[in-house]
Engineer: 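Here it is, the structure, as structure tokens.
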Amino acid sequence: MKSLMRWVAVLGLMGGVWGSPAITGMMRSLALPEAQVVEKLRPVPIFTVTDDKGTPLIITVSEGDKKTDVASFFISQQDAQKFVEQVKIKNPELAEKIRVQPVSLAEVYQKQEAQKSQKNPLEFAYFPKQQQVDIAMALLRQQGQNVQQFNGVPLFIATGGPEKGYLTIQQGNQQVIPIFFNKEDLQNMVNRFQQQQPELASQIQIKVVDLEGVIETLKTKNDPQLNQVVLIPPRETIEYLRSLSQGAGNQNPPQQTAPQSK
């Protein structure tokens with residue numbers, strides 16, 4: 001797993017050196033090699049709960065006679081911390097042993113893929129921030145969809161122009177297609193674009209997709225434009241990790257690993 005300093009450097013790049021937004025054509029359709037999918041996910045930190053040795057906490061869920069081992073992962077550090085507090089109440093003996101730790105989405109994805117071939121695979125549960133789920137459902141309803149719940153982790157992407165292409169931004173020498181975990185972060189980018197090209201302001205629309213669907217697209221669709229996709233973590237995550245790295249000084253944080261099945 002890349003160090004926290006690596007994450008902050010990557011996320012700082014994403015947050016600070018974008019050029020002007022533009023619109024590119026809609027994606028066509030061929031798949032990224034597995035290694036490239038992993039690299040797309042590597043800079044994205046999510047959060048899990050570990051013991052004092054850094055081993056992710058596994059919860060056994062009983063449903064009738066069936067028992068399933070579940071590893072929980074959170075998009076929001078605050079949600080992960082709330083989960084820790086709930087565990088402490090139910091099991092005070094764990095109070096001094098568990099803590100929230102960041103882990104790369106790429107590593108979790110690799111472990112999850114490896115589980116699929118096992119007889120009794122470990123379940124991986126992803127918990128989105130409820131506020132973003134509510135925003136996603138509201139957007140879908142505004143766009144005429146009759147949704148009662150949103151399954152998965154919502155992501156947000158902007159389209160516009162006559163062909164409803166994706167809104168892109170300049171990152172270095174490349175135009176990238178940013179997909180955001182927080183709708184508010186995307187809205188800031190859209191606002192900049194609308195100021196720069198007011199004639200297209202009314203054509204911009206924010207679409208809702210889901211993390212699992214995006215990963216599946218990266219795995220199964222074979223299109224050069226998929227190389228442009230960049231997942232943008234929540235700004236609060238960027239700021240939290242930056243504060244951790246500043247507090248740690250030049251020391252490297254503990255290396256965390258995604259869970260293994262029992």
Side-chain angles (χ1 to χ4, degrees), residues 11 13-32 36-37 39-41 43-44 75 105 126 128-129 131-235 237-238:
L11 296 177
L13 175 68
M14 291 179 179
V17 297
W18 285 338
S20 299
I23 292 176
T24 189
M26 296 295 281
M27 291 181 189
R28 296 175 297 278
S29 174
L30 339 214
L32 293 182
Q36 286 185 246
V37 174
E39 286 307 306
K40 291 288 183 188
L41 304 180
V44 180
I75 303 304
L105 178 58
Y126 293 88
K129 192 170 184 179
Q131 179 189 19
Q132 298 305 313
V133 173
D134 294 340
I135 289 172
M137 291 178 63
L139 275 173
L140 291 171
R141 288 166 181 159
Q142 290 172 11
Q143 294 165 9
Q145 297 191 41
N146 183 21
V147 292
Q148 302 303 318
Q149 62 181 10
F150 190 94
N151 296 319
V153 177
L155 300 176
F156 303 89
I157 186 170
T159 65
E163 297 181 1
K164 294 297 180 183
Y166 292 108
L167 195 63
T168 67
I169 50 179
Q170 187 73 28
Q171 185 179 356
N173 297 321
Q174 183 184 16
Q175 286 283 332
V176 302
I177 302 170
I179 303 180
F180 291 78
F181 281 78
N182 273 14
K183 189 260 186 182
E184 297 90 342
D185 296 336
L186 172 56
Q187 189 64 55
N188 290 334
M189 186 190 78
V190 169
N191 291 344
R192 284 209 319 274
F193 177 81
Q194 291 175 330
Q195 290 172 359
Q196 295 163 3
Q197 300 193 45
E199 71 279 6
L200 296 178
S202 62
Q203 299 180 28
I204 299 299
Q205 187 174 34
I206 294 178
K207 299 285 189 180
V208 179
V209 293
D210 65 273
L211 176 61
E212 296 82 352
V214 169
I215 292 175
E216 189 64 21
T217 296
L218 293 175
K219 289 169 53 181
T220 61
K221 299 298 182 182
N222 203 358
D223 188 334
Q225 280 193 317
L226 291 176
N227 289 311
Q228 295 178 263
V229 169
V230 175
L231 296 178
I232 311 296
R235 183 158 297 277
T237 296
I238 299 172

Engineer: So which atom in Val133 and which in Pro128 form the shortest heavy-atom distance, rounded to 0.1 Å?
Structural biologist: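 Answer, listing the atom of Val133 first, then Pro128: CG2-CG, 3.6 Å.
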Engineer: List in chain and number order the residues that pass side-chain hydrogen bond (donor to acceptor under 3.5 Å, both in side chains) with Gln36, two or more places apart in sequence or in another chain; answer none if no residue qualifies.
Structural biologist: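 Result, side-chain hydrogen bond (donor to acceptor under 3.5 Å, both in side chains) vs Gln36: Asn227.
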Engineer: Might you point out which heavy atoms bring Leu218 and Val37 nearest each other, and give the distance in Å?
Structural biologist: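 The pair with the smallest heavy-atom distance is O-CG2, 3.8 Å.
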Engineer: Where is the tightest heavy-atom contact between Ile204 and Gly160, given as atom of each residue plus distance?
Structural biologist: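 Scanning both residues, the minimum pair turns out to be CD1-CA, 4.0 Å.
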Engineer: Could you give me the CA-CA distance, side-chain angles and deciding distance for Gln171 and Gln228, then say whether side chain to side chain contact (heavy atoms under 4.5 Å, CB included) is met?
Structural biologist: CA-CA 10 Å; Gln171 185 179 356; Gln228 295 178 263; over 6 Å; no
Engineer: Please answer whether the main-chain N or O of Lys183 pairs with a side-chain N or O of Gln132 as donor and acceptor at a distance below 3.5 Å.
Structural biologist: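 Yes.
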Engineer: When rounded to the nearest 0.5 angstrom, what is the spacing between CD1 in Ile75 and OG1 in Thr237?
Structural biologist: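 Rounded to the nearest 0.5 Å, the CD1-OG1 separation comes out at 8.0 Å.
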Engineer: Verify whether one side chain among Gln148 and Asn146 offers a donor that lies under 3.5 Å from an acceptor in the other.
Structural biologist: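 On atom types as modelled, these side chains qualify, holding a pair under 3.5 Å.
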Engineer: If you apply the rule side chain to side chain contact (heavy atoms under 4.5 Å, CB included), what do you find for Val230 with Ile232, and how did you get there?
Structural biologist: CA-CA 6 Å; Val230 175; Ile232 311 296; 3.6 Å; yes
Engineer: Would you give the length of the straight line joining atom CD of Gln194 to atom CD of Gln203, rounded to the nearest 0.5 angstrom?
Structural biologist: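 Between Gln194 CD and Gln203 CD, I get 11.0 Å after rounding to 0.5 Å.
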Engineer: Once rounded to the nearest 0.5 Å, what's the spacing between atom CD1 of Ile169 and atom CZ of Arg192?
Structural biologist: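 The CD1 atom of Ile169 sits 7.0 Å away from the CZ atom of Arg192.
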Engineer: Can you tell me how far apart CG (Asp134) and CZ (Phe150) are? Round to the nearest 0.5 Å.
Structural biologist: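 Atom-to-atom, Asp134:CG and Phe150:CZ are 11.5 Å apart.
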Engineer: May I have the step-by-step check of side chain to side chain contact (heavy atoms under 4.5 Å, CB included) for Asn182 and Phe156, ending in yes or no?
Structural biologist: CA-CA 7 Å; Asn182 273 14; Phe156 303 89; 5.9 Å; no
Engineer: Flag the pair Asp210 / Asn151 as yes when at least one side-chain heavy-atom distance between them is below 4.5 Å, and no otherwise.
Structural biologist: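 Counting from C-beta outward, Asp210 and Asn151 never come under 4.5 Å.
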Engineer: Begin from the C-alpha positions of Ile215 and Leu41 and carry the test side chain to side chain contact (heavy atoms under 4.5 Å, CB included) through to its verdict.
Structural biologist: CA-CA 9 Å; Ile215 292 175; Leu41 304 180; 4.1 Å; yes
Engineer: Verify whether one side chain among Asn191 and Gln187 offers a donor that lies under 3.5 Å from an acceptor in the other.
Structural biologist: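 Checked: Asn191/Gln187 side chains pair up, N/O donor to acceptor below 3.5 Å.
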Engineer: About how many Å separate CG of Asn188 and CZ of Phe180, when rounded to the nearest 0.5 Å?
Structural biologist: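 Rounded to the nearest 0.5 Å, the CZ-CG separation comes to 8.5 Å.
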Engineer: Nearest 0.5 angstrom please: Leu211 CG to Leu231 CG, how far?
Structural biologist: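 Those atoms lie 7.0 Å apart.
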Engineer: Is Gln170 reaching over with its side chain to a backbone N or O of Gly172, donor-acceptor style, under 3.5 angstrom?
Structural biologist: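 Flag set: sc Gln170 to bb Gly172 pair under 3.5 Å.
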Engineer: Decide yes or no for Leu186 and Val190: does some side-chain heavy atom of the first lie under 4.5 Å from some side-chain heavy atom of the second?
Structural biologist: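 Yes, at least one pair of side-chain atoms sits under 4.5 Å.
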Engineer: Would the distance check show the side chain of Lys40 and the main-chain N or O of Val229 forming a donor-acceptor pair, the cut-off being under 3.5 Å?
Structural biologist: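 Yes, because the side chain of Lys40 sits within donor-acceptor range (under 3.5 Å) of the backbone of Val229.
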Engineer: Is there a side-chain contact between Lys129 and Pro234 (heavy atoms, below 4.5 Å)?
Structural biologist: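 They are not in contact (no side-chain heavy atoms under 4.5 Å apart), so the answer is no.
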Engineer: Compare all side-chain heavy atoms of Ile135 with those of Glu184 and state whether any distance is below 4.5 angstrom.
Structural biologist: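 A side-chain contact exists here, since the closest heavy-atom pair is under 4.5 Å.
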Engineer: Any idea which heavy atoms bring Ala136 and Pro154 closest together, and the distance?
Structural biologist: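 The answer is CB-CB, 3.7 Å.
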